[in-house]
Amino acid sequence: MNERLADTRNRPLRDLRLSVTDRCNFRCTYCMPREVFGADFRFLPREELLTFEEITRLAGIFAGLGVEKIRLTGGEPLLRRNLPTLVAMLAAVPGIRDLTLTTNGSLLAAQAGALRAAGLHRVTVSLDSLDDDVFAAMNDVGFPVARVLAGIEAARAAGFRPLKINMVVKRGVNEDSILPMARQFRGADFALRFIEYMDVGNTNGWRMNDVVPAAEIIARIAAEMPLETVPQSYRGEVARRYRHVAGGGEIGVISSVTEPFCGDCTRARVSSEGRLYTCLFATDGTDLRALLRGGAGDRAIAEAITRVWRGRGDRYSELRSANTTALPKVEMSRIGG
Ligand code: SAM
Ligand code: SF4
Ligand code: SF4
């Protein structure tokens, strides 16, 4: 393992987010608004996606460069056929200590057991409200809360505990869901994370006024349920964590807009067609698929990744301003958050 690989701001490469598909069965207004991702939108044809063998080979190369954590994401990763097969392949990659998945939960009830058996360590389910009308308006396909809750229950029964729940909070849209969510997912089986609505991609029409600051979210919860802070457990942990003083369980806030954490950002992202991005807000990626399919050896691919990481200076959230939010950026649904 190359312990010394660090970028221009001395940040090591530790985490890899792998997007396994650019498709999704939801049209969350903050991620894939249907005005853009409508019936005519052209998703990637199958042959453009990295195969399971290509993904696993890349994972091994990244592990050799210091990556210990892999998160599978999308689009909606459970739409990728035979995902448990990929999970089993990745679970066998030496050096990967943590293999996780972020999903909208819609297809989880049917797949939780197979994912667990294949060696997946942890699951995060995104859920923005317990109110069907609010949730339907946000996922914009009328998807009911109960089916996501069934997926959450299946994951819990399969042994994914504690289960992480992600909620993106948008001012005037689902802020009234903060307290009901905190009540529902209290207790040792869950870790609820509130995410500030971010200006990812170019399509969601983001405005600062739509952001509910993390400090406000915590104050609202603490007014009803006393909280105490939990110290950061490792460098690069993005959530600021709190524990319920009574009853157990944890909540966290991801304050990427109001309190950016670029200084600790140790994540690389690979899109489903094999482009490497070093920031969620990147404008361009590096084509690793061309190397994989062009006959490059592992060493040459590792060198290409090393060059990109050594040259990395990203700190978009720290520099966020009227000018940066207007720059063209990769869409979240391509690189998976
Ligand atoms: N489809 C899966 C899901 O929704 O969990 C995985 C991919 S999704 C892009 C990953 C995470 O990014 C989700 O938790 C989602 O809520 C979050 N996300 C998407 N757009 C966002 C935005 N504009 N601001 C903050 N979080 C966002
Ligand atoms: Fe799909 Fe996840 Fe984006 Fe929602 S946040 S549109 S579920 S990829
Ligand atoms: Fe990392 Fe870029 Fe987010 Fe900063 S803005 S934390 S560098 S992904």
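Order of appearance sets the numbers: ligands from 1, and atoms from 1 within every ligand. All heavy atoms count here, side chains included; hydrogens, waters and symmetry mates do not.
- Atom 4 (Fe) of ligand 3 lies under 2.8 Å from an N, O or S atom belonging to Cys262.
- Summary of contacts: the protein heavy atom closest to atom 1 (Fe) of ligand 3 is Cys265 SG, 2.4 Å.
- Interface atoms of ligand 3 facing Phe281, defined by a heavy-atom separation under 4.0 Å, are 5 (S).
- Side-chain N or O atoms of Asn82 include none that pairs as donor or acceptor with a backbone N or O of Thr85 at under 3.5 Å.
- Under a 4.0 Å criterion applied to the non-hydrogen atoms of Phe261, ligand 3 contributes the atoms 6 (S).
- Shown in contact with Arg269 at under 4.0 Å from a heavy atom are these atoms of ligand 3, numbered in order with element: 8 (S).
- For Glu216 (side chain) and Pro213 (main-chain N/O), no donor-acceptor pair under 3.5 Å exists by modelled atom type.
- For Arg17, the closest heavy-atom approach to ligand 3 does not fall below 4.0 Å.
- Judged purely by atom type and a 3.5 angstrom limit, Arg161 uses its side chain to pair as donor or acceptor with the backbone of Arg156.
- Nearest heavy-atom pair across Cys31 and Phe37 is O-CE1, 3.9 Å.
- Here the heavy atom of the protein found nearest to atom 26 (N) of ligand 1 is Val168 CG2, 3.4 Å.
- Under 3.5 Å, the side chains of Asp210 and Tyr30 contain no donor-acceptor pair of N or O atoms.
- Here the protein heavy atom with the shortest distance to atom 17 (C) of ligand 1 is Met332 CE, 3.7 Å.
- Between the side chain of Glu196 and the main chain of Thr258, a donor-acceptor pair closer than 3.5 Å is present.
- The N/O atoms of Cys24, backbone and side chain alike, include none that comes under 3.5 Å of an N/O atom in ligand 1.
- No part of Thr124 comes within 4.0 Å of ligand 1, judged by heavy-atom distances.
- Short contacts between ligand 3 and Ser317, defined as distances under 4.0 Å to a heavy atom of the residue, involve ligand atoms 5 (S).
- With hydrogens left out, the protein atom closest to atom 3 (Fe) of ligand 2 is Cys31 SG, 2.4 Å, a heavy atom.
- Inclusion of Asp128 in the set of residues having an N or O under 3.5 Å from an N or O of ligand 1 is not warranted.
- Arg71 places no side-chain N or O within donor-acceptor distance of the main-chain N or O of Asp15, the cut-off being under 3.5 Å.
- Atom numbering of ligand 1 starts at 1 in the shown order; those under 4.0 Å from a heavy atom of Thr73 are 6 (C), 7 (C).
- A salt bridge between Asp98 and Arg122 is present, with a side-chain N of the basic residue lying under 4.0 Å from a carboxylate O of the acidic one.
- Between Asp22 and Ser272, the side chains place no donor N or O within less than 3.5 Å of an acceptor N or O (distance only, hydrogens not considered).
- The ligand atoms of ligand 3 that sit less than 4.0 angstrom from a heavy atom of Tyr316 are 5 (S).
- At a 4.0 Å cut-off, at least one heavy atom of Glu196 sits close enough to ligand 1 to count as contact.
- Taking a cut-off of under 4.0 Å to the non-hydrogen atoms of Gly75, the atoms of ligand 1 that pass are 1 (N), 2 (C), 6 (C), 7 (C).
- No donor-acceptor pair under 3.5 Å is formed between the side chain of Arg23 and the backbone N or O of Leu79.
- Here the shortest heavy-atom pairing between Val257 and Tyr197 reads CG2-O, 3.5 Å.
- Minimum heavy-atom separation, Ser317 to Phe281: OG-CE1, 3.7 Å.
- Counting heavy atoms closer than 4.0 Å to ligand 1, residue Thr102 contributes atoms from both its backbone and its side chain.
- In this structure, atom 24 (N) of ligand 1 lies nearest to the protein heavy atom Met198 N, 2.9 Å.
- At a threshold of 4.5 Å between non-hydrogen side-chain atoms, the residues Cys265 and Arg312 count as touching.
- With respect to atom 20 (N) of ligand 1, the closest heavy atom belonging to the protein is Tyr30 CD1, 3.2 Å.
- Contact between Ser256 and ligand 1 is absent, with no heavy atom of the residue lying under 4.0 Å from the ligand.
- Considering Gly75, Ser19, Cys28 only, the shortest heavy-atom separation from atom 8 (S) of ligand 2 involves Gly75.
- What sits closest to atom 2 (Fe) of ligand 3 on the protein, heavy atoms only, is Cys279 SG, 2.3 Å.
- Ranking the protein heavy atoms by distance from atom 4 (O) of ligand 1 puts Ser126 OG, 3.5 Å first.
- The ligand atoms of ligand 1 that sit less than 4.0 angstrom from a heavy atom of Glu76 are 1 (N), 2 (C).
- Residue contact check: Met32 has heavy atoms under 4.0 Å from atoms 6 (S) of ligand 2.
- A donor-acceptor pair shorter than 3.5 Å can be found between the side chains of Ser106 and Asn104.
- Here Arg193 pairs with Glu250 in a salt bridge; the nearest charged N to carboxylate O distance falls below 4.0 Å.
- Shortest contact from atom 7 (S) of ligand 3 to any protein heavy atom: Asp314 O, 3.5 Å.
- The protein heavy atom nearest to atom 10 (C) of ligand 1 is Gly336 O, 3.5 Å.
- Under 3.5 Å, the side chains of Thr21 and Glu76 contain no donor-acceptor pair of N or O atoms.
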